[in-house]
A.B. asks: 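Starting off with a structure, shown below.
Predicted model, so just to flag it, every value in this text is computed and none were measured. Start at 1 with the first residue, then count along the sequence.
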Amino acid sequence: MENSFNNPIFYGADPFLLTYGGKYYVYCTTQNENTLANFATTSTDIDGFEVYESSDLKTWENKGYCLKKGDGVIGEKWFWAPEVTYYNGKFYMVYTSEEHLAMAVADNPLGPFRQTEQKWLRESKAIDGHILIDDDGKAYLYYVRLGGGNRIFVATLTEDLLSIEEEYEECLIEAQEPWETVDCKVAEGPFVLKHKGLYYLSYSCNHTRCPDYSVGYATSPSPFGPFKRYEGNPILHRNEKFWGVGHHSFAYSADGSTLICAYHCHSGREDNYKPRRFCLNTAEFKENACGEDILVINGPCE
């Protein structure tokens, strides 16, 4: 697969890419006509999530709202960072609203996503949920706690994915390296890939408003850590054309041959980082004679 996707593709932040049934779906922090009319708008104007569908990763059709405020889901404002997992014949969306996490379910990747019981996953504030279904079927929730800087934690989920089974108090990642603290102490947008028995936890650092918003990763033999940072971080960072790149996700192409990374970049407006735009590039694991394979994102580029 060529590393050319007509970037930036459309307006949308925190993109999650799902491959299902030979098609591709993208769920974003929605930036619709109302928010684009005033690009400096706050996220209070966002009232749910739109979903986009494609058969080739280049031409996308907006299929409308797949989750909307007041339509069988909890939350009144600040709808951010949706992620969808296909599990046991259903589609599960973990999303953020009001700086809390919630889980909604649908029979179709286009939705509608709803809750049988309108509740938060945890009572305390958290954002940016990511679900990992491990090889043994165990489900893990990686997420970001707020307070003292955004920090990444992990919990186990119940078998139906609708509740947290156990939270672990050990922080997995917090911003501390020079590249991670250009703007402020933010580590967010976790995503885990399992490769050759290792857990690759990738994440974004610096505030999303920062041109140096970037992606790095750390590895561990356990889903609970401890995670060791890759010495070559960041693996996705600004260049002369794309900046503010981050809050990413990974998915394989429909034929399973190519790993693809979805992420957002700044709009290019000098006076504000909004509206952000959705981008795609290929990614891969490269063999390393000195140790574990290296996760590479082949971007940012057109």
A.B. asks: Take Asp183 and Tyr213 through the side chain to side chain donor-acceptor pair (under 3.5 Å) test and state the conclusion after the steps.
C.D. replies: CA-CA 8 Å; Asp183 184 280; Tyr213 196 55; over 6 Å; no
A.B. asks: Backbone N or O of Glu50 within a donor-acceptor pair of the Thr30 side chain at under 3.5 Å?
C.D. replies: yes
A.B. asks: Can you give me the closest heavy-atom contact between Val215 and Gly246, atom names plus distance?
C.D. replies: CG2-CA, 3.8 Å
A.B. asks: Determine, for Lys63 against Glu61, whether the closest basic-nitrogen to carboxylate-oxygen distance falls under 4.0 angstrom.
C.D. replies: yes
A.B. asks: State, without any angle test, whether Thr208 and His266 hold a side-chain donor-acceptor pair at a distance under 3.5 Å.
C.D. replies: no
A.B. asks: I want to check something: taking the side chain as every heavy atom from C-beta on, are Trp243 and Cys210 in contact at a cut-off of under 4.5 Å?
C.D. replies: no
A.B. asks: Quick one about Tyr200 and Glu292 (side-chain donor to acceptor, distance below 3.5 Å, no hydrogens or angles considered), yes or no?
C.D. replies: no
A.B. asks: Please lay out, stage by stage, how Ile260 and Leu57 fare under the test side chain to side chain contact (heavy atoms under 4.5 Å, CB included).
C.D. replies: CA-CA 10 Å; Ile260 303 162; Leu57 294 171; 3.4 Å; yes
A.B. asks: Between Lys77 and Glu98, does at least one N-O distance fall below 4.0 Å, as a salt bridge requires?
C.D. replies: no
A.B. asks: Nearest heavy-atom pair of Glu174 and Glu180: which atoms, and what distance?
C.D. replies: O-OE1, 3.9 Å
A.B. asks: Return the minimal non-hydrogen interatomic distance between Ile173 and Ala218, and the atom names on each side.
C.D. replies: CD1-CB, 4.0 Å
A.B. asks: Are the side chain of Asn7 and the backbone of Cys301 linked by a donor-acceptor contact shorter than 3.5 Å?
C.D. replies: yes
A.B. asks: Should the ring pair Trp60 and Phe278 be called parallel, tilted or perpendicular, given that the plane angle runs from 0 to 90° and is split at 30 and 60?
C.D. replies: perpendicular
A.B. asks: Any heavy-atom pair between the side chains of Phe5 and Thr282 that's under 4.5 Å?
C.D. replies: yes
A.B. asks: Would you call the rings of Phe49 and Phe79 parallel, tilted or perpendicular if under 30° counts as parallel and over 60° as perpendicular?
C.D. replies: perpendicular
A.B. asks: In plain terms, say whether Glu169 and Arg145 are close enough for a salt bridge, that is, a side-chain N and a carboxylate O under 4.0 Å apart.
C.D. replies: yes
A.B. asks: Would you confirm whether Asn239, through its side chain, and Phe242, through its main-chain N or O, come within 3.5 Å as a donor-acceptor pair?
C.D. replies: yes
A.B. asks: When you compare the side chains of Asn298 and Glu284, does any donor N or O come within less than 3.5 Å of an acceptor on the partner?
C.D. replies: yes
A.B. asks: Do His100 and Lys125 pass the side chain to side chain contact (heavy atoms under 4.5 Å, CB included) test, and can you show the C-alpha distance, the side-chain angles, and the key distance before you say yes or no?
C.D. replies: CA-CA 5 Å; His100 284 73; Lys125 286 186 175 182; 3.7 Å; yes
A.B. asks: Quick test of your reading of the model: are Asp293 and Lys286 salt-bridged, counting only N-O distances below 4.0 Å?
C.D. replies: no
A.B. asks: Return the set of residues passing salt bridge (Lys or Arg N to Asp or Glu O under 4.0 Å) with Lys119 (not counting sequence neighbours), or none when no residue passes.
C.D. replies: none
A.B. asks: Counting N and O atoms only, with roles assigned by atom type, does the side chain of Tyr92 sit under 3.5 Å from a partner on the main chain of Ala106, one being a donor and the other an acceptor?
C.D. replies: no
A.B. asks: Taking Gln115 for the side chain and Ile74 for the main chain, is one N or O donor matched with an acceptor at less than 3.5 Å?
C.D. replies: yes
A.B. asks: Once side-chain contact (heavy atoms from CB on, under 4.5 Å) is applied, do any residues pair with Cys261, and if so which ones, sequence neighbours excluded?
C.D. replies: His248, Phe250, Tyr263, Ala283, Ile297
A.B. asks: What do the steps show when you test Leu141 against Ile164 for side chain to side chain contact (heavy atoms under 4.5 Å, CB included), and what is the final call?
C.D. replies: CA-CA 8 Å; Leu141 177 72; Ile164 287 178; 4.1 Å; yes
A.B. asks: Check whether Tyr252 and Tyr27 end up in the same hydrophobic cluster, where Ile, Leu, Val, Met, Phe, Trp and Tyr are linked by side-chain heavy atoms less than 4.5 Å apart.
C.D. replies: yes
A.B. asks: If the test is salt bridge (Lys or Arg N to Asp or Glu O under 4.0 Å), which one of Glu166, Glu159, Glu165 qualifies with Lys138?
C.D. replies: Glu165
A.B. asks: Quick one: do Phe191 and Ile131 end up in the same hydrophobic cluster if we chain Ile, Leu, Val, Met, Phe, Trp and Tyr together by side-chain heavy atoms under 4.5 Å apart?
C.D. replies: no
A.B. asks: Taking the side chain from Tyr199 and the backbone from Phe227, do they hold a donor-acceptor pair closer than 3.5 Å?
C.D. replies: no
A.B. asks: Any donor and acceptor pair, going by atom type alone, linking the side chain of Thr96 with main-chain N or O of Asp128 inside 3.5 Å?
C.D. replies: yes
A.B. asks: Please find the pair of heavy atoms, one from Tyr24 and one from Ala254, that lie closest to each other, and give the distance.
C.D. replies: OH-N, 2.7 Å
A.B. asks: Within this structure, what is the CD1-CD distance for the pair Ile294 and Glu231, rounded to the nearest 0.5 Å?
C.D. replies: 10.0 Å
A.B. asks: Is any side-chain heavy atom of Leu110 closer than 4.5 Å to a side-chain heavy atom of Cys66?
C.D. replies: no
A.B. asks: Indicate yes or no: at least one non-hydrogen side-chain atom of Glu76 is less than 4.5 angstrom from one of Lys69.
C.D. replies: yes
A.B. asks: With heavy-atom distances below 4.5 Å as the criterion, would you say the side chains of Thr156 and Glu167 are in contact?
C.D. replies: no
A.B. asks: Atom SG of Cys28 and atom CG of Asp14: how far apart are they, to the nearest 0.5 Å?
C.D. replies: 8.0 Å
A.B. asks: Calculate, to the nearest 0.5 Å, the distance between atoms CG and CE belonging to Leu18 and Met93 respectively.
C.D. replies: 10.0 Å
A.B. asks: Does the Asn206 side chain pair with the main chain of Trp179, one donor and one acceptor, at a distance under 3.5 Å?
C.D. replies: yes
A.B. asks: If you apply the rule ring-ring contact (aromatic ring centres under 6.0 Å, His included), what do you find for Tyr203 with Tyr217, and how did you get there?
C.D. replies: CA-CA 6 Å; Tyr203 57 94; Tyr217 76 87; 8.7 Å; no
A.B. asks: Can Tyr65 and Asp47 be counted as having a side-chain donor-acceptor contact under 3.5 angstrom?
C.D. replies: yes
A.B. asks: Determine whether Ile235 and Val182 fall in the same hydrophobic cluster, where Ile, Leu, Val, Met, Phe, Trp and Tyr are linked whenever their side-chain heavy atoms lie under 4.5 Å apart.
C.D. replies: no
A.B. asks: Given a cutoff of under 4.5 Å between side-chain heavy atoms of I, L, V, M, F, W and Y, with clusters grown through shared members, what are the other residues clustered with Val186?
C.D. replies: none
A.B. asks: Is Leu101 linked to Tyr95 within one hydrophobic cluster, defined over Ile, Leu, Val, Met, Phe, Trp and Tyr using a side-chain heavy-atom separation of less than 4.5 Å?
C.D. replies: no
A.B. asks: Between Tyr20 and Tyr86, what is the ring plane arrangement, given parallel below 30°, perpendicular above 60°, and tilted in between?
C.D. replies: tilted
A.B. asks: Do you know which two heavy atoms are closest between Leu162 and Thr158, and how far apart they sit?
C.D. replies: N-OG1, 3.7 Å
A.B. asks: Looking at Thr29 and Ala81, what are the two nearest heavy atoms and their distance?
C.D. replies: OG1-N, 2.9 Å
A.B. asks: Between the side chain of Thr181 and the main-chain N/O of Ala175, is any donor-acceptor distance below 3.5 Å?
C.D. replies: no
A.B. asks: Could you tell me whether the side chains of Asp212 and Ser214 share a donor-acceptor contact shorter than 3.5 Å?
C.D. replies: no
A.B. asks: Working to the nearest 0.5 angstrom, can you tell me the gap between His130 NE2 and Ser202 OG?
C.D. replies: 7.5 Å
A.B. asks: Any donor and acceptor pair, going by atom type alone, linking the side chain of Asn233 with main-chain N or O of Tyr230 inside 3.5 Å?
C.D. replies: yes
A.B. asks: OH of Tyr143 to CZ of Phe153: how many Å apart, nearest 0.5 Å?
C.D. replies: 6.5 Å
A.B. asks: Measure the spacing between OH of Tyr25 and CZ of Phe91 and express it to the nearest 0.5 Å.
C.D. replies: 7.5 Å
A.B. asks: Does atom NZ of Lys23 have more than 12 heavy-atom neighbours, drawn from other residues, nucleotides or ligands, at distances under 6.0 Å?
C.D. replies: no
A.B. asks: Please say yes or no: joined through hydrophobic side-chain contacts below 4.5 Å, possibly via intermediate residues, are Met103 and Trp78 part of one cluster?
C.D. replies: no
A.B. asks: Under the side chain to side chain contact (heavy atoms under 4.5 Å, CB included) criterion, do Ile127 and Asn150 qualify, and how do the steps go?
C.D. replies: CA-CA 9 Å; Ile127 63 173; Asn150 293 6; 4.0 Å; yes
A.B. asks: What I'd like to find out is whether the side chain of Val245 reaches to under 4.5 Å of the side chain of Cys279, using heavy atoms alone.
C.D. replies: no
